[in-house]
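Only one structure is covered here, and it is reproduced in the block below.
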Amino acid sequence: MSTLIAKRERWAWFAAAALLLIMICEIALSTRQASASWDEGDHIFSGYMNWKHREYSLNPEHPPLVKLVATLPLLGLDLRIAPRQGRFFKDEAYYGGRELLFRNDPRYGGYYTADSLLFRVHMAVSIFALLLASLLFLAGREMFGTAAGLIAMILFVFDPTILTNAPFVTTDSGATCLFFASVYAFYRYVKAPSGQRVLVCGLTFGLTLVSKHSGILLLPILLLLATGELSGKWYERRKSILRDTIHLGAALFAMAALAIFVLWGVYSFRYAMQPSGVSMPGLDHQASGLTTIPAHVILFCAHHHLLPESYLYGLIDVQRVAAFMPTYIFGKLYAHGQWFYFPVALSLKCSVGVLGLLLLAVFAFATGFVRKPREVYFLALPAVFYLAVAMAGPLNIGVRHVLPVFPFAFALAGGGACLLLQQKRLWIYPIAIFLLCHAIDSVRMFPNYMPYANILWGGPTKTHLYLSDSATDWGQELKWTKQYLDANNVHECWFAYFPAPFLLPSDYGVPCKLLPTADTHGQVDIDVPPTIHGPVLISFADLNGFEFGSKVLNPYQTFFERKPDAVIANGIAVFNGDFTVPQVASLQPLWRAQALLDSKNHLGALHFAEAALAIDPANFEGQVAAGDALHALERNSEAQVHYLTAKKMVEAMELSSQQQWAPVLDKKLAALGITVHA
């Protein structure tokens, strides 16, 4: 019997190694076919500068660990870096990243193509996914049995959302890996406490903190896990519960202290985010307008230099961004986040195989077939807590923001399946079917995993109808776009491209002229005639106008309401023909008017606001800008006309946008001595 068990164990380890090899191949082959995604240049440049100059003022909104790992393969290369241009710190990182990736090409006198550089960093950052796959096998094996580890690993290795994020140089994959590693390390500590395991917990906790700012959620999760552990011992060991509480509390304190030490170490044990001379808005300025208790805590930590400035700056910045980011779901726009966003996104992005196995696990645990209270608690609580915090937050721009939920769900699914198999071998048939369905879904999505949706939601061709941003389109389709245009002999076109101007279609030989988007605002001047000749290409993330916050403000709303003539990589809509685009054409004069208002040039602002309205009288923000300029010029009766016109247009907005804009216009009208009753 022991020989048979040993043989099975060897085969299990062999299967785990084979799954790792499969994952490496999936990542390597798929990433070769995609172009750079939205944020990658930003992360790559800031990571490279972290290594070279200990520069933490670039991209402080994301802690440095993942960027440092990703850019390790670049350190020995002869790369040319663009000098700073004195721009806003985020722009500096985005433009610096584009220069690093595309201006080291042999065409410009360099030695490395963008593809070769991206492949290096993609494979380096994939180490987090490979490590997490291994941890899932080890954790499942230890908690429930070898089969549980293999099932969890299969779910992970073939999951389209995991494969989407595994090679991207962003914080999500690294944070997911280290979040799970920290909980697993703490589980092993409470099972068999030792100083060595305290050290491992402190190290993983610290690395989680410097992988993503949401890593701070690990602290309350560990406290809740510790509370649950002590509660479970109450009846069994009432006499020693005080001693156990003191020991566990001391261990948690030591883990937290080690974590803070690791955090400071990754930031070079330096408080200041830049070594010299870089001008940035101060923390007090960044925190203005944020009334939450965490903002006050952050400023307290900054005042006493309790944590690195860059880390604190990032905590403030992510709150600022989240507070003003609109949401797109079910084809509708909302001015702020919606509580149901992430449950919907998970039900769409999880395959039928994963959902089926999770239901089996719930059945196994709920019916009492399985008694593993500690293991279920350690896997379920972190996932539920993380999801609950995300649901309560305002930032809804992709399922990647709840990626740490996935490995816990996979481990639970694997554990439930394994324990059902131990009860009755007949369970092998539904379990095998669910695993096969999951793997088939993954294979069918290769090489473009991002727009995945399960068949219950209509598949990947329907994803854009429900979600936006990194759930379907993150700018990774430029190579496929070039192939489409070449195949159709297209040499002139227009393109509203989501990551522009920080990543340009021309970087991959796409010949289209740029159309303005929310992200080109304030970056580049793009003048568009009132009528344009197609084909017109529009990224799905721009087509729905979610960054503008309302269909009334979406310059591409008429395209959104029309069926595309073609779709590229389930992420870019193609429209053939000639199109009258007054709202698009009026954007540039509108943005000039807004810039002149900011600089107090009210007469110039009025000129451009009127120019925008001459092109598109239905331009809502043009009406507001004209009213603001006229009010500043003390032409209040004329300003009133524009404000009242804009007030009427608010009625056509979505409810959340009405709630945002109506008070703004009421305040402007009140400044003219006019009271508007609802």
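Fair warning: this is a prediction, and the values are worked out from it, not measured in the lab.
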Please report whether the ring centroid of [Y] lies less than 6.0 Å from that of [X].
X	Y	value
Phe324	His336	no
Phe406	Phe156	no
Phe89	Tyr313	yes
His296	Phe300	no
Phe498	Trp474	no
Phe502	Tyr94	yes

Can you tell me if [X] uses its side chain to pair, donor with acceptor, with the backbone of [Y] under 3.5 Å?
X	Y	answer
Tyr386	Val402	no
Thr164	Met450	yes
Asn454	Leu348	yes
Glu40	Val169	yes
Asp616	Ala612	no
His213	Tyr311	yes
Asn601	Leu596	no
Asn59	Asp42	no
Glu621	Leu553	no
Tyr328	Ser468	no

Next on the checklist: Testing Asp441, Asn570, Thr463 one by one against Tyr452 for a side-chain hydrogen bond (donor to acceptor under 3.5 Å, both in side chains), which residue passes?
Outcome noted: Asp441
Which heavy atom of [X] sits nearest a heavy atom of [Y], and at what distance?
X	Y	result
Ala175	Ser211	CA-OG, 3.4 Å
Val524	Pro501	CG1-CB, 4.1 Å
Lys67	Ser46	CD-OG, 3.1 Å
Ala626	Leu606	O-CD1, 4.1 Å
Ala569	Glu477	CB-CG, 3.8 Å

Checklist entry - How far apart are the C-alpha atoms of Glu651 and Met649, what are their side-chain angles, what is the distance that settles it, and do they pass the side chain to side chain contact (heavy atoms under 4.5 Å, CB included) test? => result CA-CA 5 Å; Glu651 297 174 6; Met649 295 171 70; over 6 Å; no
Does [X] reach the side chain of [Y], with side-chain heavy atoms less than 4.5 Å apart?
X	Y	value
Lys90	Asp317	yes
Pro451	Met445	yes
Ser173	Thr176	no
Asp469	Trp38	no
Gln594	Leu590	yes
Glu61	Ile316	no

Say whether [X] and [Y], considering side chains only, have a donor N or O and an acceptor N or O under 3.5 Å apart.
X	Y	answer
Gln523	Tyr95	yes
Ser37	Gln476	no
Asn396	Gln338	no
Gln557	Glu561	yes
Thr517	Tyr556	no
Ser182	Thr208	yes
Asn619	Ser586	yes

Next on the checklist: Apply side chain to side chain contact (heavy atoms under 4.5 Å, CB included) to residues Asn554 and Asn544 and explain how you reach the verdict.
Outcome noted: CA-CA 7 Å; Asn554 180 14; Asn544 57 50; 5.6 Å; no
Item to check | Residues Thr520, Trp591; criterion side chain to side chain contact (heavy atoms under 4.5 Å, CB included); working and verdict | outcome: CA-CA 10 Å; Thr520 63; Trp591 291 341; 3.8 Å; yes
Looking at [Y] and [X], is any side-chain nitrogen of the basic one under 4.0 Å from a carboxylate oxygen of the acidic one?
X	Y	value
Asp527	Arg592	yes
Asp159	Lys349	no
Asp628	Lys668	yes

Item to check | Nearest-0.5 Å distance that lies between atom OG1 in Thr171 and atom CG in Asp39 | outcome: 9.0 Å
Next on the checklist: Could you measure the distance from the CG atom of Leu178 to the CG atom of Leu209? Nearest 0.5 Å is fine.
Outcome noted: 10.0 Å
Checklist entry - Who passes salt bridge (charged side-chain N to carboxylate O under 4.0 Å, His left out) against Lys212, sequence neighbours left out? => result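 In terms of salt bridge (charged side-chain N to carboxylate O under 4.0 Å, His left out), with neighbours along the sequence ignored, Lys212 is linked to Asp172.
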Plane angle bin for [Y] and [X] - parallel if under 30°, tilted between 30 and 60°, otherwise perpendicular:
X	Y	result
Phe579	Phe575	perpendicular
Trp457	Tyr466	perpendicular
Tyr267	Tyr56	tilted

Item to check | Steps toward side chain to side chain contact (heavy atoms under 4.5 Å, CB included) verdict (Phe620, Met653) | outcome: CA-CA 11 Å; Phe620 170 80; Met653 291 183 176; 3.7 Å; yes
